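Below is a structure I'd like to ask you about.
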Amino acid sequence: QVQLVESGGRLVQAEGSLRLSCAAAGLTLSTYTTAWYRQAPGQEREFVAVTDRSGGTQYYSDSVKGRFTISRDNAKNTVYLDMNNLKPEDTAVYYCAATRMSLLPTLEDRYDYWGQGTQVTVTS
């Protein structure tokens with residue numbers, strides 16, 4: 001059974017930092033392009049960042065570029081999202097997703113597997 005399990009979300013003050021983790025079970029994450037998305041209350045889910053299978057190439061949304069870093073440790077079958085200089089508008093449920101596509105897709109329907117999400121709340 002394939003599972004993506006996110007962790008690391010919590011309440012944090014603005015300008016603080018967090019590291020989110022996405023651990024995979026039932027699949028070898030090194031063979032999947034992996035991304036982070038987020039969904040704020042009352043809003044649609046939006047793309048945050050994506051990394052290729054090796055971790056050598058990343059792409060970010062404009063809203064997080066320069067503040068967030070996506071990385072992966074294939075030996076641990078885990079992908080990370082390091083978030084710095086957090087803002088209240090970063091408050092959302094954060095999801096990881098995996099696709100067999102070798103490109104770096106930003107559209108949700110390109111992804112085969114999703115986690116259940118982890119809540120990040122940033123207070124001002």
Side-chain angles (χ1 to χ4, degrees):
Q1 182 180 357
V2 173
Q3 276 190 312
L4 298 177
V5 180
E6 302 95 336
S7 61
R10 62 176 176 85
L11 183 71
V12 63
Q13 287 190 330
E15 300 180 11
S17 299
L18 275 181
R19 166 173 267 203
L20 304 184
S21 299
C22 171
L27 62 80
T28 302
L29 210 52
S30 61
T31 64
Y32 287 81
T33 298
T34 312
W36 287 94
Y37 284 75
R38 66 186 182 185
Q39 187 169 20
Q43 298 186 22
E44 294 186 351
R45 191 156 54 186
E46 65 172 356
F47 167 79
V48 174
V50 59
T51 181
D52 68 355
R53 296 167 184 172
S54 69
T57 304
Q58 301 83 33
Y59 179 74
Y60 299 91
S61 68
D62 288 342
S63 60
V64 307
K65 195 176 301 181
R67 300 188 298 122
F68 290 12
T69 302
I70 186 171
S71 62
R72 65 194 307 152
D73 185 338
N74 286 337
K76 294 183 178 180
N77 220 25
T78 301
V79 173
Y80 303 99
L81 185 68
D82 288 296
M83 306 186 293
N84 297 309
N85 190 22
L86 283 160
K87 304 175 181 180
E89 52 263 42
D90 294 318
T91 294
V93 177
Y94 283 72
Y95 300 89
C96 67
T99 176
R100 286 194 173 275
M101 294 182 66
S102 59
L103 299 175
L104 301 182
T106 61
L107 297 177
E108 288 187 39
D109 62 4
R110 301 297 192 262
Y111 288 85
D112 304 305
Y113 302 105
W114 291 83
Q116 292 187 327
T118 186
Q119 175 71 48
V120 173
T121 303
V122 184
T123 60
S124 57

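Note that the coordinates shown come from a computational prediction; the quantities given were computed from them, not determined experimentally.
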- Using a distance-only test with no angle check, is there a side-chain donor-acceptor pair under 3.5 angstrom linking S61 and S63? yes
- Interatomic distance, R10 atom CZ to L20 atom CG [nearest 0.5 angstrom]: 10.0 Å
- Would you tell me whether Y94 and R38 have side-chain atoms, one donor and one acceptor, within less than 3.5 Å of each other? yes
- Rounded distance [0.5 Å steps], OG in S30 versus CZ in R72: 7.0 Å
- Task: Indicate yes or no for a side-chain donor-acceptor contact from S54 to the backbone of G56 under 3.5 Å, with no hydrogens or angles considered.
- Result: yes
- Using the rule that two of Ile, Leu, Val, Met, Phe, Trp, Tyr join whenever any of their side-chain heavy atoms come within less than 4.5 Å, decide whether M83 and V12 are in one cluster. yes
- Under 6.0 Å between the ring centres of F47 and Y37? yes
- V48, Y113: one ILVMFWY side-chain cluster at the under-4.5 Å cut-off? yes
- Please answer whether the main-chain N or O of K87 pairs with a side-chain N or O of E15 as donor and acceptor at a distance below 3.5 Å. no
- Note on the structure: Heavy atoms of T91 and P41 approach each other most closely as O-CD, 4.4 Å
- Establish, from distance only, whether the side-chain atoms of Y95 and R45 form a donor-acceptor pair under 3.5 Å. no
- Task: Go through the side-chain N and O atoms of N84 and S17 and say whether any donor and acceptor fall under 3.5 Å apart.
- Result: yes
- Task: Check whether any side-chain heavy atom of T57 sits under 4.5 Å from a side-chain heavy atom of L104, and report yes or no.
- Result: yes
- Task: Could you please spell out the steps behind the side chain to side chain contact (heavy atoms under 4.5 Å, CB included) verdict for T118 and S7?
- Result: CA-CA 6 Å; T118 186; S7 61; 5.5 Å; no
- Task: Compare all side-chain heavy atoms of Y80 with those of T69 and state whether any distance is below 4.5 angstrom.
- Result: no
- Message: Donor-acceptor check, side chain of D82 to backbone of R19, threshold 3.5 angstrom: yes or no?
- Response: no
- Message: When you compare the side chain of Y32 with that of M101, does any pair of heavy atoms fall below 4.5 Å?
- Response: no
- Decide yes or no for V79 and W36: does some side-chain heavy atom of the first lie under 4.5 Å from some side-chain heavy atom of the second? yes
- Just by modelled atom types, is the I70 backbone N or O under 3.5 Å from a matching donor or acceptor in the Y60 side chain? yes
- Counting distance only, does the side-chain N/O of D52 pair as donor-acceptor with the main-chain N or O of L103 below 3.5 Å? no
- Task: List the steps, then state whether side chain to side chain contact (heavy atoms under 4.5 Å, CB included) holds for D90 with F68.
- Result: CA-CA 11 Å; D90 294 318; F68 290 12; 3.9 Å; yes
- Query: What closest approach, in Å, do A14 and P88 show between heavy atoms, and which atom pair accounts for it?
  - Reply: CB-CD, 4.2 Å
- Task: Could you tell me the separation between the CZ atom of R67 and the NZ atom of K65, rounded to the nearest 0.5 Å?
- Result: 12.5 Å
- Pairwise side-chain contact, L29 with R53, heavy-atom cut-off 4.5 Å (strictly under): no
- What is the minimum heavy-atom distance between L11 and T123, and which atoms define it? CD1-CG2, 3.4 Å
- Message: Could you check whether any side-chain N or O of T99 sits under 3.5 Å from a backbone N or O of Y111, counting only pairs where one atom can act as donor and the other as acceptor?
- Response: no
- With no hydrogens and no angle check, is any side-chain donor or acceptor of T78 less than 3.5 Å from a backbone partner on K76? yes
- Task: Give, for atom SG of C96 and atom CD of E6, the distance between the pair rounded to the nearest 0.5 Å.
- Result: 4.0 Å
- Query: Just wondering, are more than 12 heavy atoms of other shown residues or ligands nearer than 6.0 Å to CD in Q39?
  - Reply: yes
- Task: Evaluate the side-chain proximity of T34 to V50: yes if any heavy-atom separation is below 4.5 Å, no if none is.
- Result: no
- Task: Indicate whether the side chain of T121 and that of Q119 have a donor and an acceptor atom separated by less than 3.5 Å.
- Result: yes
